[in-house]
Amino acid sequence: MAATSLPDKESSGVSRRGFIARTGFILGAAALSTSATAPRARARTAPVIGNGQQVPVLVIGTGYGGSVAALRLALAGVDVHMVEMGMAWDTPGPDGKIFANTTSPDARSYWLRTRTKQPLSNFLGFPIDRSIPRYTGILDAEEFSGITVYQGRGVGGGSLVNGGMAVTPKRENFGAILPTVDADEMYATYYPRANAGLGVSTVDPAWFEKADCYTYARVGRKHAQRSGFPFVFVPDVYDWDYMEREAAGTVPKSALAGEILYGNNYGKKSLQKTYLAQAAATGRVTVSPLHQVTSVAPAPGGGYTVVIDELRTDGSVAGTKTVTAGRVFFAAGSVGTSKLLTRFRATGLLPGLNDAVGAGWGDNGNVMCGRANHLWDPTGSVQASIPCGGIDNWAAGGAFAEVAPLPTGIETFASFYLSITRNPHRARFTWNAAAGRVDLDWQTAWKQPSIDMAKTIFDRINSKEGTIYRTDLFGTYKIWGDHLTYHPLGGAVLGEATDNYGRLHGHPGLYVIDGALIPGNTSVNPFVTITALAERNIEHIIATDL
Ligand code: FAE
């Protein structure tokens, strides 16, 4: 398919008419609801941001940081315009579903790629990637030298594609995560506020013990405990009641149909159902999907001139708009925000930004692996795509391992893990003027400390169980998924590129409010910390700057 043409039904399974994203809308859902079946933030006919428009506050990106900023500013009486490069994800395709299944990726699945780039690239050693039409799909596999960074694209950001694991770090680890932030305040006020806003809860332990879909997690627990590691239940934003009804066969399946990487059609409380729905209810928040910010510079009369490309679903530019914003919040995610700021500093658009912009980027120590179990340890053909437990060896070995699903629909006798490790390496974004792009100097070899830390868990379990690593999931005879991260963090670190509340140095009225603020590692999955930090910072900014 030509890069400029829209995917058609024949080639992609997605019809043109039913699947072209609506571009004009105001979020207009009713009150905050944390129910799985609650409406997503709804579209209403209204103009998207217009050329020449003046707005008090513009938020770049609709992930966790952006959604918190928009809600809190709107509740404080400020009109907010959110600009999102991805689609609205509010319109079902011809299969009646908004999102594609993990096992059958189609045009909806990837951001402007002609071939899937699945995190698990192989099965039984065979490559499983396939051709797809180029489209503004939901999962971006952004490639830098040495690492592929997976990110969500669309209204809701990473909340659209992630596993929903909503983990508050242990208090004793917080000093290493955000050294300039008052831990007492975070644990007394902002972590609880974030957990409430996100709708976080934990699986019912009694149901967990008998649920077929968590056979894999119980096998993971058994193996961990037999080797002397603590197994901990991990909270999530999935609606557990809904999952129980999925298992009972009374509602359409979502987690139990293996939905995760390319969106979740029913049970997960993405930001569309929580913060963004509540923001919409204020009537003060508008969102422009398929709009990508390309430039921010001081405006002659005060505030900032923001240039925005309106995208078509093949990624081409339909038009360019120039608007003026009193204040701009960078919430484009660690990579998105870092890339914008690095370029703006290097090309003179924002000359006041300091040298810390682009620095301090880390991968949260992500590394994946699988283990081959004995035939008497099946992990189940139906696996809930939502992980609910982990192995905590952070203090002794620097690794926290999610017991993750392999939702293939067949019995694999495999245990699969995503480990978060205390990897010390930090990379830097730089402007490559010759190529006209921002580079990241991460090296694949920098994953070795992560592998060593993950091995503190899995070498011991393999030795105790008499089992081996799977070598067929990331290539042929390759044990470690060391080429990727799901958890990009840093690039505009709090207290370095910004002050201690996210105000960018050198340009009053510019703020960072997303994962770019966090210096590379959160010791657990990051979005609760991103949300809690955003809650802390926006409260202070509203009180002092507005
Ligand atoms: P993010 O959510 O990435 O939002 C940024 C938004 O900005 C995106 O929607 C972009 O499309 C948009 N954007 C970027 N550039 C522009 C531009 N120039 N103009 C307009 N819009 C732009 O940022 N974390 C957990 O805690 N638990 C999990 O279980 C978990 N699982 C994950 C699984 C996967 C497959 C992936 C990819 C991530 C996972 N994460 C998980 C990570 C989590 O989703 C991520 O840390 C947060 O989404 C980051 O939040 P931010 O607000 O920083």
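As the structure lists them, so they are numbered: ligands from 1, and atoms in each ligand from 1. No experiment lies behind these values; they were computed from the predicted model shown.
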task = Provide the number and element of each atom of ligand 1 under 4.0 Å from a heavy atom of Ile60.
result = 17 (C), 19 (N), 20 (C)
inquiry  = On the six-membered ring of Tyr501, is Arg536 placed so that its NZ or CZ lies under 6.0 angstrom from the centre and within 45° of the ring axis?
reply    = yes
Atoms of ligand 1 close to His487 [distance to a heavy atom under 4.0 angstrom, numbered from 1] = 24 (N), 30 (C), 40 (N), 41 (C), 42 (C)
task = Specify the protein heavy atom at minimum distance from atom 13 (N) of ligand 1: its residue, its atom name, and the distance to 0.1 Å.
result = Met85 SD, 3.6 Å
key: Per-atom contacts, ligand 1 versus Arg153 - under 4.0 Å to a heavy atom   = 10 (C), 11 (O), 14 (C)
inquiry  = So, regarding Ile530 and ligand 1 (criterion: nitrogen or oxygen to nitrogen or oxygen, under 3.5 Å), is there a contact or not?
reply    = no
inquiry  = I'd like to check the side chain to side chain donor-acceptor pair (under 3.5 Å) partners of Thr180; sequence neighbours left out, ordered by chain and number.
reply    = Asn500
message = Only heavy atoms of Gly515, strictly under 4.0 Å: list the atoms of ligand 1 that pass.
response = 53 (O)
query = Donor-acceptor pair, Thr62 side chain versus Gly154 backbone, under 3.5 Å?
reply = yes
key: Element-labelled atoms of ligand 1 that are located less than 4.0 Å from some non-hydrogen atom of Ala331   = 5 (C), 6 (C), 7 (O)
key: Residue selection (non-hydrogen contact nearest atom 18 (N) of ligand 1) among Val155, Val293, Val149, Val68   = Val293
ask   = Any chance the rings of Tyr187 and Phe174 have centres within less than 6.0 Å?
value = yes
request  = Below 4.0 angstrom from a heavy atom of Gly154, which ligand 1 atoms are there? Numbered from 1 as shown, please.
outcome  = 9 (O)
key: Mode of Val167 contact toward ligand 1 - side chain, backbone, both, neither (heavy atoms, under 4.0 Å)   = neither
Could you go through residues 156-165 and list every donor-acceptor pair under 3.5 Å that involves a side-chain atom there, pairing it with any protein atom two or more places apart or in another chain?
{"unit_1": "Ser159", "atom_1": "OG", "unit_2": "Gly156", "atom_2": "O", "d": "2.7"}
{"unit_1": "Ser159", "atom_1": "OG", "unit_2": "Leu271", "atom_2": "N", "d": "3.0"}
{"unit_1": "Asn162", "atom_1": "OD1", "unit_2": "Gly164", "atom_2": "N", "d": "2.9"}
{"unit_1": "Asn162", "atom_1": "ND2", "unit_2": "Tyr64", "atom_2": "OH", "d": "2.9"}
{"unit_1": "Asn162", "atom_1": "ND2", "unit_2": "Gly158", "atom_2": "O", "d": "3.1"}

note = For atom 43 (C) of ligand 1, the closest protein heavy atom turns out to be Asn162 ND2, 3.9 Å
request  = Show which atoms of ligand 1 fall inside a sub-4.0 Å distance from at least one heavy-atom site of Val83.
outcome  = 20 (C), 21 (N)
query = Any idea which atoms of ligand 1 are less than 4.0 Å away from a heavy-atom of Gly157?
reply = 2 (O), 4 (O), 8 (C), 9 (O)
